[in-house]
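To start, the structure under review is shown below, and the notes come after it.
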Amino acid sequence: MGAYQLKITIKGSKPPIWRRILVPQGVTFETLHNTIQASFCWSGPTPYQFEFRSEKIRVSSDNIEQVGNYQYLPTTEPINGKIEKDSKFTYVSYGTGSWEFTIQTEDYLDECQEMAARVIKYKGDSIPETCHSLDEYAELLEASPDNGMEYDMAAVNLRLEQMADGFKPIIISDIFDCYDKNSILEIGKRHHMAGTSKLHKEELVQKTISYILNEKIMKPYFLCVRDCEMNAFEKVMSGCTKLGFLEEQNLEYLYAGGYITSGADRSFLVAEEVVKAYEAFNTAKFQEERTRISRIGDYICAANSLYAITPPSVLLETFNKYEEKKLTVEELLNAYESLRPYRLMVTYIDGNFVDAALAEQKSYTALLRTQKKVPYYIPTQQEIRFMADNSGFLMGKELSGLSEFLISEISVPDDMIPLVLRQVQAEISMGGQLQEVVNDLEAAGILMGSSEHMEKLAVIVTDIWNNTRMVLNRGHKPYEMVMKGFNEVSAQRKNIQKIYPNDACPCNSGKKYKKCCGKNA
């Protein structure tokens with residue numbers, strides 16, 4: 001069996017950063033993509049595209065839109081016949097930023113019997129996967145030369161061998177060797193590990209691995225794993241490397257903790273040492289305790305999103321309304337202490353669970369005075385589950401309307417929408433008005449293109465406002481406040497009006513809207 005010798009260079013890199021690799025004949029373009037990612041020490045799932053410009057041929061992953069006068073081939077297409085000696089083509093990885101590579105087919109070796117791809121020569125250190133561009137990489141090195149990652153060709157080739165074997169479990173040091181120093185420091189920080197900032201990378205890797213695999217550190221972290229996260233983890237641990245989108249999202253907590261890693265082809269791996277350490281404490285009693293703590297955490301998350309200031313009695317009322325095994329104050333506080341170091345965004349102060357940001361700003365007493373005449377809204381089980389699955393976010397059809405408007409009429413990129421919707425909901429939940437929403441959108445670089453757009457936005461925001469479960473109202477929507485007779489409290493809000501060109505501008509400049517913000521937009 002033969003092999004192609006390819007020189008892969010990051011376009012625009014000065015001095016050039018390149019890898020010379022041998023790739024067995026007959027592999028697919030998907031395998032070539034995975035090989036390139038691994039040879040540059042990158043591991044995250046990413047859309048990608050190969051392009052043969054002179055032949056007008058492209059090979060793109062499923063999440064790349066097919067445009068232009070090109071013939072598109074599936075990623076399962078073999079590279080044989082598409083790349084020949086002395087041919088040149090491009091490869092683009094759309095991960096953290098867009099990285100473009102030029103690929104030169106330097107030679108074809110008839111007698112190569114290797115089943116795995118391998119790097120035979122290289123120039124340039126590894127670029128951290130978190131970098132968006134060469135400029136950002138240059139700034140990173142200028143800030144501190146220690147941020148550079150020395151390229152370890154032996155470790156990369158071991159990784160390529162394991163990929164050829166079907167992504168068998170690997171040892172944890174191989175995973176950590178592919179991480180940049182800042183990523184390892186973040187893992188240690190998540191576990192409250194101290195005294196590591198001045199360590200060299202090799203020493204940092206060994207100390208961090210030893211620390212996070214210690215049962216006294218690992219077991220409390222795993223006690224905070226939610227059921228859906230545990231199901232995804234055990235699925236990967238049993239040998240399944242391919243997961244659905246939601247299952248991938250459910251691995252973020254364990255990924256951040258350093259206990260799982262992802263491959264370039266959206267595959268996931270659990271190191272052998274992690275499996276062994278986990279099995280040492282994974283008993284039926286442990287799983288029962290973990291499930292209970294996880295369930296309590298879901299209710300705390302939902303309550304914090306709805307009220308921001310929650311007395312234990314309200315959590316007990318809600319939990320005991322739906323759960324068969326009743327909750328006590330003592331068990332609630334014990335669960336809080338278990339969750340607090342890793343997951344909860346609340347602090348227990350003066351007999352209340354207070355949103356961590358409010359507690360830090362010491363502004364929760366003012367909010368408490370505003371809320372005091374309003375009873376607590378008790379969420380449904382469906383609302384609790386949704387908020388727990390989405391970090392407190394509660395999506396409604398009114399926010400869907402905003403999403404459609406921003407995408408179809410303002411051309412906001414799809415990947416910005418989730419963050420924008422969360423920001424808008426958070427703003428309105430605390431009583432924010434139209435102008436605050438407009439300010440938030442402008443801060444995100446989203447401008448209304450015309451007065452008609454602003455008028456449509458005003459209608460949409462009004463609809464969202466009236467149907468948002470507000471922290472100011474202890475989870476009640478404004479129209480519920482009116483229906484239930486809490487007029488005194490609901491009167492604190494201002495009506496959101498449509499803005500027409502000749503209306504006074506909402507920025508309080510004293511000018512007409514068309515002469516002020518409308519003109520600027």
Taking the side chain as every heavy atom from C-beta outward, state whether [X] and [Y] have any pair of such atoms under 4.5 Å apart.
| X | Y | result |
| --- | --- | --- |
| Leu223 | Leu339 | no |
| Leu332 | Phe353 | yes |
| Leu441 | Leu457 | yes |
| Glu273 | Ile209 | no |
| Glu455 | Val459 | no |
| Asp177 | Arg159 | no |

Worksheet item: Where do His33 and Gln37 land on the side-chain contact (heavy atoms from CB on, under 4.5 Å) test, with the steps shown first?
Response: CA-CA 6 Å; His33 155 72; Gln37 290 283 310; 3.6 Å; yes
About how many Å separate [atom2] of [Y] and [atom1] of [X], when rounded to the nearest 0.5 Å?
| X | Y | atom1 | atom2 | answer |
| --- | --- | --- | --- | --- |
| Gln381 | Thr318 | CD | OG1 | 11.0 Å |
| Lys189 | Ile187 | NZ | CD1 | 13.5 Å |
| Ile300 | Asn304 | CD1 | CG | 9.5 Å |
| Tyr299 | Glu323 | OH | CD | 3.5 Å |
| Leu447 | His453 | CG | NE2 | 12.0 Å |
| Leu368 | Tyr364 | CG | OH | 9.0 Å |

Is the number of heavy atoms from other residues, nucleotides or ligands under 6.0 Å of [X] [atom1] greater than 12?
| X | atom1 | value |
| --- | --- | --- |
| Met193 | CE | yes |
| Glu360 | CD | no |
| Glu202 | CD | no |

Heavy-atom pair of closest approach, residues [X] and [Y]:
| X | Y | value |
| --- | --- | --- |
| Ala232 | Asn250 | CB-CB, 4.3 Å |
| Tyr137 | Ser126 | OH-O, 3.8 Å |
| Glu480 | Gly475 | OE1-O, 4.5 Å |
| Val205 | Phe176 | CG1-CB, 3.7 Å |
| Asn466 | Tyr479 | O-CD2, 3.3 Å |
| Val225 | Arg343 | CA-NH1, 4.1 Å |

Worksheet item: Quick check, are the ring centers of Tyr278 and Phe281 under 6.0 angstrom apart?
Response: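 Judged by ring-centre distance (under 6.0 Å), Tyr278 and Phe281 do meet the cut-off.
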Discussion item. Please confirm whether the ring centroid of Tyr259 lies under 6.0 Å from the ring centroid of Phe222.
Written reply: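 Tyr259 vs Phe222: aromatic centres under 6.0 Å.
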Fill in: side-chain contact (heavy atoms from CB on, under 4.5 Å) evaluation trace for Tyr342 with Tyr253
CA-CA 9 Å; Tyr342 312 111; Tyr253 174 75; 3.6 Å; yes
Worksheet item: Passes side-chain contact (heavy atoms from CB on, under 4.5 Å), Gln287 versus Asn282? Steps please.
Response: CA-CA 7 Å; Gln287 291 295 348; Asn282 180 30; 2.7 Å; yes
Please check this pair: side chain of [X] against backbone of [Y], looking for a donor-acceptor N/O pair closer than 3.5 Å.
| X | Y | value |
| --- | --- | --- |
| Ser305 | Cys301 | no |
| Asn214 | Ser210 | no |
| Tyr336 | Tyr348 | yes |
| Lys326 | Leu316 | no |
| Arg292 | Lys325 | yes |
| Lys276 | Ala271 | no |
| His192 | Pro341 | yes |
| Ser98 | Tyr94 | no |
| Ser403 | Leu399 | no |
| Tyr255 | Gln249 | no |

Practice prompt. Identify whether the distance between the nearest side-chain nitrogen and carboxylate oxygen of Arg340 and Glu337 falls below 4.0 Å.
Written response: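 Between Glu337 and Arg340 there is a salt bridge, with a charged N closer than 4.0 Å to a carboxylate O.
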Worksheet item: Does the pair Asp227/Arg290 count as a salt bridge with the N-to-O cut at 4.0 Å?
Response: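 Between Arg290 and Asp227 there is a salt bridge, with a charged N closer than 4.0 Å to a carboxylate O.
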Item to complete: Go through the steps for Glu30 and Asn34 under the test side-chain hydrogen bond (donor to acceptor under 3.5 Å, both in side chains), then give the verdict.
Response: CA-CA 6 Å; Glu30 181 179 12; Asn34 297 333; 4.8 Å; no
Practice prompt. Show your reasoning for whether side-chain contact (heavy atoms from CB on, under 4.5 Å) applies to Leu306 and Glu383.
Written response: CA-CA 10 Å; Leu306 291 171; Glu383 288 174 322; 5.9 Å; no
Fill in: Trp42 and its ring pair (Phe, Tyr, Trp, His ring centres under 6.0 Å) partner, picked from Trp99, Tyr48, Tyr179
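One option only clears the test, and that one is Trp99.
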Worksheet item: Would Arg469 count as a cation-pi partner of Tyr377, with NZ or CZ less than 6.0 Å from the six-membered ring centre and within 45° of the ring normal?
Response: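 Ring-cation test returns yes.
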Fill in: Identified side-chain contact (heavy atoms from CB on, under 4.5 Å) counterpart of Ile428 within the set Met470, Gln423, Glu436, Gln433
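Only match with Ile428 under side-chain contact (heavy atoms from CB on, under 4.5 Å): Met470.
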